[in-house]
Each structure stands twice: as structure tokens, then as C-alpha cells.
Amino acid sequence: MVTKVIQIILSPILALIVGVFFLGLARKIMARIHWRYGPPLIQPVIDMIRLFYQKSVSHGRIFDLGIILSLAGSIVVILFLPFGQICSLSGSGGLLVILYIMLLAPLGLALSGGQAANPNISIGISRKLILSLGYEVPLLLVLLSIMTHYKTISIIEVVKIQQSASWSIISFPLFLSGLSYFLILPAILGIRPFDVGSAPQEISSGPMVEYGGKYLALATIEHALVLFISIALFVNLFLGGATNPAIFFIKMLVVFVFGLCINAVFPRFRIEQAIKYLWKWPTLLAFLGLVLTLIVRN
């Protein structure tokens, strides 16, 4: 019981540390690509501390509760995800539960930003929700392939089977599903070419435009947690997870750096281009992966 309580407390803290590190690393790597020195790796921490001490302006109760709902949803998802041997709710839920709870993050931000009644927020929220609908379709097909192949909805069992056999990404039935997940990963992370929801040059960061002080700090924390969730889910489902948290972190780091390379190369999609892409190649690959899995399993 004590171990379980410790894991419940430790998991979100570790996820936040990893996510904040990735935020700092992203700014550093992008600066180097642009031939700049860039800020220090701890710049996100400095920014959050500074923001918590700044004056905050609330636009109402829903504005306050929306960001809390988003954070709560991300924290609950983290409790279901194995991080090495650490998994707080290893005996509960499954992949479908994770998929449903992941929807709370964009929903919470939409509720929060919606009360501010800023046109840029409305545009950003609509884009973000449409984008979520775009990648949820291939993501659902990917999860169905995983559950069908391993005959379980438990992410713990999926990781254990991979550790005793081979990674999903290199197995024949699931290779296309893994490729599909990797193709939608930038959309889940909200980085280029799928940063249509924020688009600072167009809509002044969209849902974040009315955030300041502690609200912007909480939004940064939420962004860090979403980074961790998206990449950790990919590592657990297709790269075999890890028994050692350090090895798990290295796998996450490699995936994140690949994502940054995509972010550095591609320009931003328009929202209709993003949806057309997501419902074309990733969805097609995920569907073919599901069909192959069904054929092999039967």
C-alpha cells in the first residue's frame, strides 16, 4: 500500500520533470538549427517560477476550472502509463480508458478559453478540436491493432509481451500501425506542421492568448505533461517500454529528437491540409495494419 501511494505521487512528478526537460531541449535544439545559441535548458522552469509570481486575471469560474480539468486528465493518464517499473494503476483500466481520458486535455483548455470570449481563442479552440478529431481516428485504429494482436487491453501486458518477444514496431503485423502512430505523433504533440491550434503568427497563440501569470504557468505544465504522455505511450506500445526508467527515458528522448527534426523542416499546415493528411496516409496505414493483424491472428 505504501509503495502504491509513493508511485502515485512519484509518477506525475517524474512526468513533469521529463516534460519540462523536453520543453527546454526543444528550444535549445531549434535555436542551434537556426544558428543561435538559445536559452538554457532550465528556461521553462525559470519562466514558470516567474509566471507564478505575476498577477493573474481570471475571466470566470469556468476559465479557472477548465485548466484544472485539463491538468487532472493528464495526471490520471500518467498514472496508467508504465515508466520503467513504475506504474501506479497497473491493475486498473486499459488502452481504451487511456484514449478516453486523453480527450480531457483539449476539452479542458476549450472550456477554459471559451469563457474569455476572444476571437483568437475561438479560432484556436476550433482548430485544436478539429485536429484532435483528425488524429483520434488513426489512433483508435492503432490501439485496436495492438489489442487484437496481443489479445489484451492492458498496456502492462503489452509491454511484458514485447520484453519477452520483440518490439511491436519491428513485428510484421504491427509495423504499419507503428508507422501510423509515428506519423500522427507531431499532431498529438502540436508541433509543426500541426501547430495550427496555436499559430503565434496568425492567432497570437490561440487558446493561450488570454492566459497570464499562474494560468500560463499551468498551461505550460499541461503542455509538458502532454509531451510525456504522447511519447511514453508510443514507447510502451511499439518500443517495448523498459524495465529501467533510464532506458525508457533514452527511448523517449530519441523519439522526441526525431519529432523536433520534423518540426524544423516542415512549414505549418492549414487546418484543412492537416485533416486531409491525417485521414489519408496515417489512417490508411493504421487500417491496413488492423486488417493484417486480423488476418495473421485468424
Side-chain angles (χ1 to χ4, degrees), residues 7-26 44 70-90 92-106 135-136 138-140 142-143 146-147 150 152-163 167-169 174 177-191 220-260 262:
Q7 287 185 349
I8 291 175
I9 297 173
L10 187 61
S11 295
I13 295 175
L14 287 175
L16 179 60
I17 292 173
V18 173
V20 170
F21 172 76
F22 282 166
L23 289 178
L25 183 65
S70 185
L71 278 170
S74 295
I75 290 173
V76 172
V77 172
I78 288 167
L79 298 180
F80 287 103
L81 290 176
F83 183 70
Q85 295 283 9
I86 302 172
C87 186
S88 308
L89 300 180
S90 57
S92 306
L95 290 172
L96 292 179
V97 175
I98 292 173
L99 181 65
Y100 289 140
I101 301 178
M102 283 176 66
L103 294 174
L104 291 178
Y135 66 70
E136 285 291 336
L139 181 59
L140 177 59
V142 167
L143 294 184
I146 290 288
M147 292 184 290
Y150 293 111
T152 179
I153 65 171
S154 171
I155 191 170
I156 302 295
E157 293 299 320
V158 170
V159 172
K160 287 182 179 178
I161 295 172
Q162 288 182 85
Q163 291 174 354
W167 295 357
S168 301
I169 194 68
L174 296 178
S177 298
L179 181 58
S180 174
Y181 192 112
F182 186 78
L183 291 177
I184 66 173
L185 188 56
I188 301 175
L189 297 177
I191 59 178
T220 303
I221 292 174
E222 163 62 18
H223 186 196
L225 295 180
V226 169
L227 279 179
F228 176 88
I229 291 169
S230 306
I231 301 174
L233 185 60
F234 179 76
V235 171
N236 279 312
L237 292 180
F238 293 101
L239 301 184
T243 56
N244 188 330
I247 302 299
F248 191 91
F249 171 75
I250 292 173
K251 291 181 179 180
M252 289 184 66
L253 182 61
V254 172
V255 174
F256 182 65
V257 171
F258 271 108
L260 286 181
I262 296 174

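Not one N or O on the side chain of Asn236 forms a donor-acceptor pair closer than 3.5 Å with the backbone of Val159.
Residues satisfying the ring pair (Phe, Tyr, Trp, His ring centres under 6.0 Å) criterion with Phe182, sequence neighbours excluded, are absent altogether. Residues passing the side-chain hydrogen bond (donor to acceptor under 3.5 Å, both in side chains) test with Gln7: none are found, sequence neighbours excluded.
Distance check: Ile231 CD1 to Ile188 CD1 gives 10.0 Å after rounding to the nearest 0.5 Å. Taking CG of Leu237 as the reference point, atom CD1 of Ile169 lies at 10.5 Å (rounded to 0.5 Å). If you take CZ on Phe256 and CZ on Phe228, they are separated by 13.5 Å, rounding to the nearest 0.5 Å. Atom OG of residue Ser11 and atom CD1 of residue Ile75 lie 11.0 Å apart, to the nearest 0.5 angstrom. For the atom pair Leu189 CG and Ile262 CD1, the distance stands at 9.5 Å (nearest 0.5 Å). Note that the NZ atom of Lys160 and the CD atom of Gln163 stand 9.0 Å from one another [nearest 0.5 Å].
Checked options Ile184, Leu183, Leu143; the residue passing with Pro138 is Ile184 (criterion: side-chain contact (heavy atoms from CB on, under 4.5 Å)).
Using a 4.5 Å heavy-atom cutoff, the side chains of Leu79 and Pro12 are in contact. The side-chain heavy atoms of Leu103 and Glu136, taken from C-beta on, include a pair separated by under 4.5 Å. Within the 4.5 Å cutoff, no side-chain heavy atoms of Ile146 are placed close to those of Ser177. Between Tyr135 and Leu185 the shortest side-chain heavy-atom distance does not fall below 4.5 Å. Put simply, the side chain of Leu95 does not reach to within 4.5 Å of the side chain of Phe80, judged on heavy atoms. Taking the side chain as every heavy atom from C-beta outward, Phe234 and Met252 never approach each other to under 4.5 Å. Using a 4.5 Å heavy-atom threshold, the side chains of Leu81 and Ile229 count as touching. Looking at heavy atoms from C-beta onward, Leu25 lies in side-chain contact with Leu253 at the 4.5 angstrom threshold.
Ala224 and Leu23 make their closest contact through CB-CD1, 3.9 Å (heavy atoms, listed as atom of the first residue, atom of the second, distance). Residue Lys251 comes nearest to Gly241 through the heavy atom pair NZ-O, 2.5 Å, listed as atom of the first residue, atom of the second, then distance. The minimum heavy-atom distance between Ile101 and Gly73, with the atom names listed, is CG2-O, 3.3 Å. Closest non-hydrogen pair, Leu233 versus Met102, comes out as CD2-SD, 4.1 Å. Considering every non-hydrogen atom in both Val226 and Ser74, the closest pair reads CG2-OG, 4.1 Å. In terms of heavy-atom proximity, Ile191 sits nearest to Gly259 at CD1-O, 3.4 Å.
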Please report the C-alpha distance between Phe238 and Tyr181 in whole Å, then the side-chain angles of each, then the deciding distance to 0.1 Å, and finally whether the side-chain contact (heavy atoms from CB on, under 4.5 Å) criterion is met. CA-CA 9 Å; Phe238 293 101; Tyr181 192 112; 3.9 Å; yes

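Ring geometry for Phe83 versus Phe248: interplanar angle over 60°, hence perpendicular rather than tilted (30 to 60°).
Ser168 and Gln162 form a side-chain donor-acceptor contact under 3.5 Å, judged by distance and modelled atom types alone.
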